Amino acid sequence: MSASQADLLTALGQAIPAAQTSTEPAMLNQYGCDWTRAYEVAPAAVVFPKTEAEVVALVRQANAEDFKLVPSGGRTGLSGGAVASQGEVVVSFDKMNAISGFNAVDRLVTCEAGVVTANLQAFAQEQGLFYPVDFASSGSSHIGGNIATNAGGIKVIRYGLTRDWVAGLRVVTGTGELLTLNSGLVKNATGYDLRHLMIGSEGSLGLIVSADIKLAPAPEPQNVMVLGVPKLTDLLSVLTAFQQRLTVSAFEFFSDLCLRKVLAHRDLTAPLQQACEFYALVEFDESNLEAASDAFAFAMDQGWVVDGVVSQSEAQAASLWALREGISESIAADTPYKNDLAVRVSDVPEFLEAVQAEVVSNYPDFDVCWYGHIGDGNLHLNILKPKDLSVAEFVQRCEAMNPSIFAQVQQRNGSISAEHGVGLVKRDYLGYSRSAGELALMQGLKQLFDPNSVLNPGKLLR
Amino acid sequence: MKVLVPVKRVVDANVKVRVKPDNSGIDLSNVKMAVNPFCEIAIEEAVRLKEAGTATEVVAISVGASACQEQLRTCLALGADRAILVETDVDVQPLGIAKALAALQAKEEAELVIFGKQSIDGDNSQTGQMFAQLTGMSQGTFASEVAIDGGKVQVTREIDGGLQTIKISLPAVVTTDLRLNEPRYASLPNIMKAKKKSLDTVTADELGVDLTPSVEVVAVNPPAERAAGITVDSVEALVDKLKNEAKVIS
């Protein structure tokens, strides 16, 4: 053990019991990274606080002894927001995972930051209620991480983002001050809402230690349709046909290449007899089946869809969802280069065509998996690495293409990161979505909340 | 060859059911209902026989409340040619259902009747067997493979410890096991076409059948809840608990 590491452990020991600190290489490797694989993983230690007081003590020690902290939740991020590659101390919220309170009148549940999203969903269900933020990684991701990245997912079109469900926060700022923000109030017109500043701040302003989360009434049983849509540009017409007739809970799309990847990876059945260029997945309340069938018939008459299926049971609904939710995992072996773009919903069709044209003209040899939450204007563009290309060369070639894709985003005042956050991956491209004036204000806020830059340094902002 | 497929409307297999507070049964309010999964397999098998040219007509039948029409429409969308509902508000039991189906079979004279091996709500696994007895038809239960060959059906049965292959004569009853096939999704164009297919309703009286239940349900209780796990401090404490509390080692 080097002298500096011994010093660090001594400093940590004053904030948190030694049994809650690890420097085991396997632990450092595991806790020092998220789902990105492009960065070196090199934290100095990982700590597992169990109380707010321990988190406060850690931040104060970090300021006093000059070490850096990287907050870590379920580590399912895709932008490197939880990567520790410069000898930082990883603060894992694994041990702060209690659902510590529930009030049926307020429909509020108080969670520590480390509560796994799926556990919150299950808890809500036990109360006859519903936590509607959901995505493929909900079985691992933490509520704290969801808040720090303002996670979206598959039901945003109906229920909004994580932000819409956070009624209160407890946060330890970069100076070690514990703030209680909004406390579950419905109305609170008393100036700047720092709660909303914390949501999506990626651990750069404070460490979220607990949250008051709103719950929704339980939805009625859901039906799922998967439709075959030959032309990308018709997808929005299909969405409109549905939205004119009913409220949809989700409207997703994926390309045939995505479907083929999922079918090769998992034991699932192709939804349609004949393959189609693109597929739309629509979810809606069971009582709207008639209206949804009308929408389908209309879309078929217009020639926008050529075929479709509808779930007859929850098991079938889950299998159809798996076709969409399994994509990210099924293409993992192809080392995808991910872009998570957003434009206004109405701009989606021509934006899609413009980006598709960029990719095809620059890199005809790359396979592209298109999928995403088209109803939110959010497109996941995944470029797959050809087998014979090295990762380094592949990433370099993809990065070279970024400016032309991001310029398309900028032209439409879109977002270069719709829901994956900025982290390390998108940091240097932030200017495509944020003006110089905004960036300067963001730097100012960082300075205000975390003057010594001990919290997640280098993420989101330089 | 005409094929009859009796189907049952049940609580969706993925729903976590709750027992009514007075223990009289399961609370079905706002609960997703579906075709019994084994019946879905039966419909799929019948439709495949039709697609292969072996069957000429597939008729789906259900016995129960008018809401069962929903599940019969599903069967029509999946490929059944027509459907019959024996409509009743009685909480039907296997013997009554088997009698009603036998009365229909007397008119339909199907050569093959494919049942699900059991319904996931009652778990009785009785209706197919009772029907075979009432009609005097041969039966091949728990089928994982069905092959029609002339006037015979070769049925591979899932039995304890392996597979048993039997050959029975038509007309026959087959009940389906899980591995017989994987049901297809209901296609939306077919659902639209299915709206034009005929769905007839008859009553038990018209069939001359008495559906009065012969078994009385005394009480329904949920399974005992498992206690939460605990963390022990040492191996000694673990061994002590295993010996003296769990009594799994001595």
Side-chain angles (χ1 to χ4, degrees), chain A residues 19 95 122 125-126 128 130 217-229 238 241-242 267-274 276 279-282 285-287 289-290 292-301 305-323, chain B residues 7-18 27-41 43-44 47 51 60 67 69-80 116 120-121 178-179 181-196 225 228 231 233:
Chain A
K95 304 279 188 217
Q125 201 179 359
E126 282 165 28
F130 183 51
E220 61 173 278
Q222 301 288 297
N223 274 345
V224 176
M225 284 184 179
V226 170
L227 315 175
V229 183
V238 177
F242 277 85
D267 184 22
L268 293 165
T269 321
L272 308 182
Q273 301 275 331
Q274 303 272 330
C276 196
Y279 303 90
L281 182 153
V282 199
D285 289 354
E286 191 180 54
S287 61
L289 180 59
E290 196 72 28
S293 302
D294 287 348
F296 171 79
F298 178 75
M300 189 131 171
D301 277 349
V305 303
V306 290
D307 197 2
V309 294
V310 59
S311 64
Q312 301 295 322
S313 63
E314 303 255 326
Q316 282 194 353
S319 304
L320 291 173
W321 261 119
L323 299 174
Chain B
V7 296
K8 187 172 182 186
R9 171 183 167 92
V10 297
V11 172
D12 189 285
N14 283 29
V15 169
K16 194 178 171 197
V17 296
R18 291 174 198 226
D27 186 357
L28 293 180
S29 52
N30 199 24
V31 163
K32 170 102 179 152
M33 303 297 283
V35 177
N36 176 44
F38 291 107
C39 301
E40 232 182 341
I41 293 170
I43 277 284
E44 177 67 30
V47 171
E51 285 169 349
Q69 290 188 22
E70 213 180 300
Q71 279 62 45
L72 288 173
R73 287 282 168 210
T74 299
C75 296
L76 293 173
L78 291 170
I120 59 159
D121 53 356
L178 207 56
R179 272 175 284 197
N181 60 50
E182 195 183 333
R184 69 195 66 188
Y185 293 113
S187 113
L188 285 159
N190 287 346
I191 288 175
M192 296 196 291
K193 284 179 212 149
K195 285 180 184 162
K196 298 194 190 86
E225 279 196 37
T231 309
D233 293 329

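What you are looking at is a predicted structure, and each value in this text was computed from that prediction instead of being measured. We use all heavy atoms of the structure for the numbers below, so side chains are in, but hydrogens, waters and symmetry mates are not.
Between B:Val31 and B:Val11, the closest side-chain pair of non-hydrogen atoms falls below 4.5 Å. Within the 4.5 Å cutoff, no side-chain heavy atoms of A:Ser293 are placed close to those of A:Glu290.
Heavy-atom distances place the side chain of A:Glu286, and not its backbone, under 4.5 Å from chain B. Residue B:Leu78: no heavy atom, backbone or side chain, is found under 4.5 Å from chain A. Contact annotation for A:Asn223: only side-chain heavy atoms (C-beta onward) come within less than 4.5 Å of a heavy atom of chain B. Only the side chain of A:Leu227 comes within contact range of chain B, with at least one heavy atom under 4.5 Å from a heavy atom of that chain. Only the backbone of A:Ala270 comes within less than 4.5 Å of a heavy atom of chain B; no side-chain atom from C-beta onward does. Looking at B:Asp12, only its side chain comes within 4.5 Å of chain A, counting heavy atoms on both sides. With a threshold of 4.5 angstrom between heavy atoms, B:Ala186 approaches chain A through its backbone and through its side chain. Heavy atoms of B:Arg18 lying under 4.5 Å from chain A belong exclusively to its side chain.
Although no hydrogens or angles enter the test, the distance criterion places no donor-acceptor pair under 3.5 Å between the side chain of B:Arg184 and the main chain of B:Glu44. A distance-only check finds a donor-acceptor pair linking the side chain of A:Glu220 to the backbone of A:Ser287 [under 3.5 Å]. Of the possible donor and acceptor atoms, one in the side chain of B:Asn36 sits under 3.5 Å from a partner among the backbone N and O of B:Ile120. Between the B:Gln71 side chain and the B:Gln69 main chain, no donor and acceptor come within less than 3.5 Å of each other.
In terms of heavy-atom pairs under 4.5 angstrom with chain B, the leader among A:Ala317, A:Ser319, A:Gly308 is A:Gly308.
A distance of 13.5 Å separates NZ of B:Lys193 from CG of B:Leu76, quoted to the nearest 0.5 Å.
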